[in-house]
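Numbers restart at 1 for each chain; the letters A, B, ... are given by sequence-line order, proteins then strands. Note that the coordinates shown come from a computational prediction; the quantities given were computed from them, not determined experimentally.
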Protein chains: 2
Amino acid sequence: MASTSSERPVRVRLVEAAARLLSREGPQALTARRLANEVGASTMALYTHFGGMPELVRAVVDEGFARLAAHMAAVPRTADPVADLGSLALAYRANALANPHLYGVMLGGAPLGRYRVPPAELIEGRRNDSDTFGVLVEATKRAMADGRFRSGDPAVVSAQLWSAIHGFVMLELAGHLAGEPDVETVLTPLLATIAAGLGDDPEATARSVAAVRSHLRAEAGAGAPREAGGRAVAVDGP
Amino acid sequence: MASTSSERPVRVRLVEAAARLLSREGPQALTARRLANEVGASTMALYTHFGGMPELVRAVVDEGFARLAAHMAAVPRTADPVADLGSLALAYRANALANPHLYGVMLGGAPLGRYRVPPAELIEGRRNDSDTFGVLVEATKRAMADGRFRSGDPAVVSAQLWSAIHGFVMLELAGHLAGEPDVETVLTPLLATIAAGLGDDPEATARSVAAVRSHLRAEAGAGAPREAGGRAVAVDGP
DNA sequence: TGTGCGATATAACGCTGTTATGGCAAGCAC
DNA sequence: GTGCTTGCCATAACAGCGTTATATCGCACA
């Protein structure tokens, strides 16, 4: 009661507690009674402020999309659009690894409790803010304008890139790549393969991928990757 | 009791009912009481035969992997290994679309109820039978032996291909590609891009992709895709 | 003809999301 | 200041969930 008391409104404290529980203990910890205890209130608070568990999950997912978009928008744009695409892929992965449960609900189509976010709302949430997908499209456009990629529909090419990145991250999260290799043996070669297939000069691709790899190693060396560069998507609170 | 009575043992009837419920009504329909009603028994049957809900889910997942492997092993091997890889991708997708909930549990890392299959068991299940991933590796080896793909570690290249296919399917299932294009505008171009990036001659790639597309259209024209060619992964019963 | 043992039905426990009820405190009309 | 309305919250309840303890049934075997 008093331990968690602060001036922040109950509504945002509920969302924060939900994100924290989801991040630290997984979906099964996200119960109405647990949530109420966490913010020092009764379960009724959940229903007066949100209407029910589904709406609270929706709020957490929206928060997750906003943070993912912010994290990807924070990736610097260099003179090398192909390297930028690689950096975006790594940012995408870092977010997923920082909060796998939320990622599963946002982009993996996973239900949370007995509630599953409808696809239409997922897409709408994804298009808000600076739009995760839009950043990919923009970098793809630059790669085409620079003559790195063959001309084509940037949205279609971005969808291909997104499929590849997303698939790698999902397999990695599900553990299907364990024992077998990791980012440097699957993801970056995959990006190189796709870049080459899209028309990029092999030597230019090699330079871009090397740049991405050096960024990755620099971040990994600087500390825990999920902490470096801005908190990722986890809503862990201070 | 009499309506579902047959000589089949209760154990397999429980697994079948679970797969049917999961396929037709989704995860929230998969409850112990519902399952018991479905086979005309009490909930105790579940515990005497399986020990609990998690073990039953495990049995359904094993069944799903077996059917997926059988479905992919049924893809014919032609003289064109790149086209074969495309056909495998389409078979993979057809299975996922035929039973999206089961696919999410098997390969999407989605929890079922309050139970989530441990990654280690997923991988073990995947390696059984003819091993879904092994079929991919085998086709990749042939593509390398035929000079279509540059030489390299087939397992690593297969992991890249799997990531791409899996990512497309997950995004498609989650609805993130809706409005935007479909198999023919994202998946087959993605496979063509990767083949080209792996060293395949562009014209050879075009021929292989055209062959895959014609197969796809032939199947789509022959009837519902999920019915053509052997029941897919759904355990729908007669 | 017992006899033992596995499978099952019944009922309960603690948990879940949800809601009906009642009280409490703040804001506003007069 | 008094009375009323309105919104927020605590309490307690309800149906449903997975699970389990107990008792009963039925069948194989000595």
No-H, no-angle donor-acceptor pair, Arg33(B) side chain to dG16(D) base, under 3.5 Å:
no
Indicate yes or no: does Glu184(A) engage Arg217(A) in a salt bridge with an N to O separation below 4.0 Å.
yes
Electrostatic pair Glu63(B):Arg67(B) at N-O distance under 4.0 angstrom
yes
What is the distance, to the nearest angstrom, from the [atom1] atom on [X] to the [atom2] atom on [N]?
X: Met53(A); N: dT19(C); atom1: CE; atom2: P; answer: 14 Å
X: Leu46(A); N: dT19(C); atom1: CG; atom2: P; answer: 11 Å
X: Phe50(A); N: dT18(C); atom1: CZ; atom2: P; answer: 13 Å
X: Arg13(B); N: dT8(C); atom1: CZ; atom2: C1'; answer: 13 Å
X: Leu35(A); N: dG17(C); atom1: CG; atom2: P; answer: 9 Å
X: Leu112(A); N: dG17(C); atom1: CG; atom2: C1'; answer: 13 Å
X: Gln28(A); N: dC17(D); atom1: CD; atom2: P; answer: 20 Å
X: Asn37(B); N: dG16(D); atom1: CG; atom2: C1'; answer: 13 Å

Suppose we screen for side-chain hydrogen bond (donor to acceptor under 3.5 Å, both in side chains). Which residues come up paired with His101(B), at least two apart in sequence or across chains?
none
Who pairs with Arg77(B) by salt bridge (charged side-chain N to carboxylate O under 4.0 Å, His left out), at least two apart in sequence or on another chain?
Glu138(B)
Sub-3.5 Å donor-acceptor pair from the side chain of [X] to the main-chain atoms of [Y], do we have one?
X: Asp153(B); Y: Ala155(B); value: yes
X: Ser23(A); Y: Ala19(A); value: no
X: Arg8(B); Y: Arg13(B); value: no

Taking the six-membered ring for Trp, are the ring centroids of Tyr92(B) and Tyr103(B) within less than 6.0 Å of each other?
yes
Could you report the tightest heavy-atom contact between Pro189(A) and Gln160(B), atom names first, then the distance?
CB-NE2, 3.4 Å
Between Ala45(A) and Ala41(A), the two heavy atoms sitting closest are CB-CB, 4.1 Å
At a cut-off of 3.5 Å, list every protein nitrogen or oxygen paired with a nitrogen or oxygen from nucleotides 22-26 of chain C, distance to 0.1 Å.
none

Heteroatom pairs (N/O) under 3.5 angstrom, protein to nucleotides 7-9 of chain D:
from, atom 1, to, atom 2, distance (Å)
dC9(D), OP2, His49(A), NE2, 2.8

Check the interface with nucleotides 23-25 of chain D: list each N/O to N/O pair with the protein under 3.5 Å, or write none.
none

Give me the one residue out of Val186(A), Ile165(A), Leu187(A) that meets side-chain contact (heavy atoms from CB on, under 4.5 Å) with Ser163(B).
Val186(A)
Only one of Leu136(A), Leu191(A), Val135(A) passes side-chain contact (heavy atoms from CB on, under 4.5 Å) with Leu85(A), and that residue is Leu136(A)
Considering heavy-atom distances to DNA chain C, does Arg34(A) or Thr43(A) have its closest nucleotide positioned more toward the 5' end?
Arg34(A)
Non-hydrogen side-chain atoms of Thr31(A) and Leu35(A) separated by less than 4.5 Å
no
How is Leu56(B) classified with respect to the nucleic acid when contacts are heavy atoms under 4.0 Å: base, sugar-phosphate, or nothing?
nothing
Find every protein N or O atom lying less than 3.5 Å from an N or O atom of nucleotides 4-6 of chain C, and list the pairs.
none

Using the salt bridge (charged side-chain N to carboxylate O under 4.0 Å, His left out) rule, take Arg34(B) and Glu38(B) through it: C-alpha gap first, then chi angles, then the decisive distance, then the call.
CA-CA 6 Å; Arg34(B) 176 75 188 274; Glu38(B) 211 75 16; 3.3 Å; yes
